[in-house]
Colleague: 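Take this structure, written in structure tokens, and hold onto it; I'll ask about it next.
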Amino acid sequence: MTRCGNEAKEIMNVLAAEAAQTETSGGIVSMVKGVFSYTLFGHEFWITTTHISMFIIVVLLLVFAAIARRKITKHPDEVPGTFQNILELIVEKLDGMVAGSLGANAYRFRNYIGTIFAFILVGNLAGIFGLRSPTADFGTTLPLGLLSFFLIQINAFRFQKLRYFKSLAEPYPFLLPSNVIGEVSVPISLSLRLFGNVLSGTLILSLWYGMMPWFAKLPASWFLHAYMDVFSGCIQTYVFSMLTMTYLNDKIS
Amino acid sequence: MGISGQDLIFACSAIGAGLAMIAGIGPGVGQGIAAGLAANAVGRNPGAKGDITSTMLLGQAVAETTGLYGLLVAILLMFVKPFGG
């Protein structure tokens with residue numbers, strides 16, 4: 001095995017060991033914590049707090065979607081109530097956001113952008129409810145970044161056909177490597193941005209909960225939660241989806 | 001009090017983590033400039049407030065990335081301990 005592979009494996013081992021051991025004194029868990037492990041094909045895998053909070057979030061979103069769908073399709077003739085008005089507001093705002101940056105192609109990408117928007121938003125807000133934000137785990141944000149990356153690349157190829165490969169060698173052919181690096185760095189920077197922002201919030205909150213005496217924890221932590229989880233979380237959700245759409249728009253327009 | 005090699009490595013890692021966070025200066029200045037210019041632009045053209053805000057947020061998010069790389073280096077040094085300690 002190469003040295004790099006060894007190092008990566010060591011880092012994973014340290015992460016797993018830390019995951020198994022780390023305990024914080026507060027209600028917020030700062031590190032990814034292993035809940036139980038299982039062995040598959042000779043490798044040890046961990047079910048961590050990230051999986052659990054992600055599972056809760058996905059189930060919540062699915063239940064919400066099912067209720068919303070039932071509400072809209074079952075009684076289409078009734079005068080819409082509060083719930084349906086809120087739903088329509090959410091959908092209209094999301095549609096407006098996608099249409100604002102993608103223009104005529106917005107209808108192709110509304111589903112994807114809406115889905116990652118909902119998942120990342122609820123994932124970032126999960127810290128308020130004492131769950132560990134799944135987006136504070138690089139294992140969650142890297143797949144999100146890769147999904148966006150493949151969406152961008154596949155659609156670039158679909159819209160530009162072979163001109164896309166030519167556009168990589170523009171304006172001069174010797175710039176091809178730097179253009180390719182620029183493309184490959186998109187998922188890395190997207191995922192690291194989200195990960196770093198949410199992780200820094202989680203770490204600061206766990207430091208606060210771990211260091212402060214008990215009477216100082218509650219009165220001031222609402223401010224940190226409001227800033228780190230709500231404000232920063234909403235901004236990062238918006239930034240992730242807007243950047244995906246900006247990169248996409250560069251390719252398909 | 002004897003200082004073992006592991007202790008020395010951990011102490012130096014902590015100093016390195018602190019030094020890595022100097023990277024926070026750049027995004028702070030950059031985001032401040034972006035926000036100031038956005039306020040300037042809204043003052044000139046209040047009608048374009050929505051577009052200006054979203055452009056400012058995007059620019060700030062991109063400017064923030066370098067600071068986040070510094071933060072990641074600091075976190076790796078402190079918690080993952082790539083050099084032992």
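Numbered from 1 within each chain, the chains take letters A, B, ... in sequence-line order.
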Colleague: CZ of Phe159(A): more than 12 outside heavy atoms within 6.0 angstrom?
Modeller: yes
Colleague: Around Leu89(A), counting heavy atoms of other residues, nucleotides and ligands shown, do more than 12 lie under 6.0 Å from its CG?
Modeller: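 Yes, enclosed.
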Colleague: Indicate the atoms forming the closest heavy-atom contact of Thr65(B) with Ser189(A), along with that distance.
Modeller: CG2-CB, 4.5 Å
Colleague: Please state whether the side chain, the backbone, both or neither of Ser101(A) comes within less than 4.5 Å of a heavy atom of chain B.
Modeller: neither
Colleague: Nearest 0.5 angstrom please: Leu72(B) CG to Phe195(A) CZ, how far?
Modeller: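 Between Leu72(B) CG and Phe195(A) CZ, I get 5.5 Å after rounding to 0.5 Å.
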Colleague: Could you report the tightest heavy-atom contact between Leu71(B) and Ser200(A), atom names first, then the distance?
Modeller: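 Residues Leu71(B) and Ser200(A), closest heavy atoms: CD2-CB, 3.5 Å.
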Colleague: Tabulate below the donor-acceptor pairs under 3.5 Å that side-chain atoms of residues 103-114 of chain A make, not counting sequence neighbours, or state none.
Modeller:
from: Tyr112(A); atom 1: OH; to: Ser148(A); atom 2: N; distance (Å): 3.2
from: Tyr112(A); atom 1: OH; to: Ser148(A); atom 2: OG; distance (Å): 2.9

Colleague: As an exercise, state the distance from OH of Tyr69(B) to CD1 of Ile188(A), rounded to the nearest 0.5 Å.
Modeller: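 Here the interatomic distance stands at 7.5 Å.
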Colleague: Enumerate by number any residue of residues 228-244 of chain A whose heavy atoms lie under 4.5 Å from heavy atoms of chain B; in the absence of such residues, state 'none'.
Modeller: Ile235(A), Gln236(A), Tyr238(A), Val239(A), Met242(A), Leu243(A)
Colleague: Give the C-alpha distance, both sets of side-chain angles, the deciding distance and a yes or no for side chain to side chain contact (heavy atoms under 4.5 Å, CB included) between Leu68(B) and Asn197(A).
Modeller: CA-CA 7 Å; Leu68(B) 285 174; Asn197(A) 271 292; 3.3 Å; yes
Colleague: Would the distance check show the side chain of Arg193(A) and the main-chain N or O of Glu64(B) forming a donor-acceptor pair, the cut-off being under 3.5 Å?
Modeller: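 Judged by distance alone, no pair lies under 3.5 Å.
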Colleague: For Leu19(B), is the CG atom crowded, meaning more than 12 foreign heavy atoms sit under 6.0 Å from it?
Modeller: yes
Colleague: Residues in side-chain hydrogen bond (donor to acceptor under 3.5 Å, both in side chains) with Gln31(B), at least two apart?
Modeller: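 Not a single residue meets the side-chain hydrogen bond (donor to acceptor under 3.5 Å, both in side chains) criterion with Gln31(B).
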Colleague: Using the test salt bridge (charged side-chain N to carboxylate O under 4.0 Å, His left out), find all partners of Glu88(A) that sit at least two apart in sequence or belong to another chain.
Modeller: none
Colleague: Any idea which heavy atoms bring Ile75(B) and Leu199(A) closest together, and the distance?
Modeller: CD1-CD2, 3.3 Å
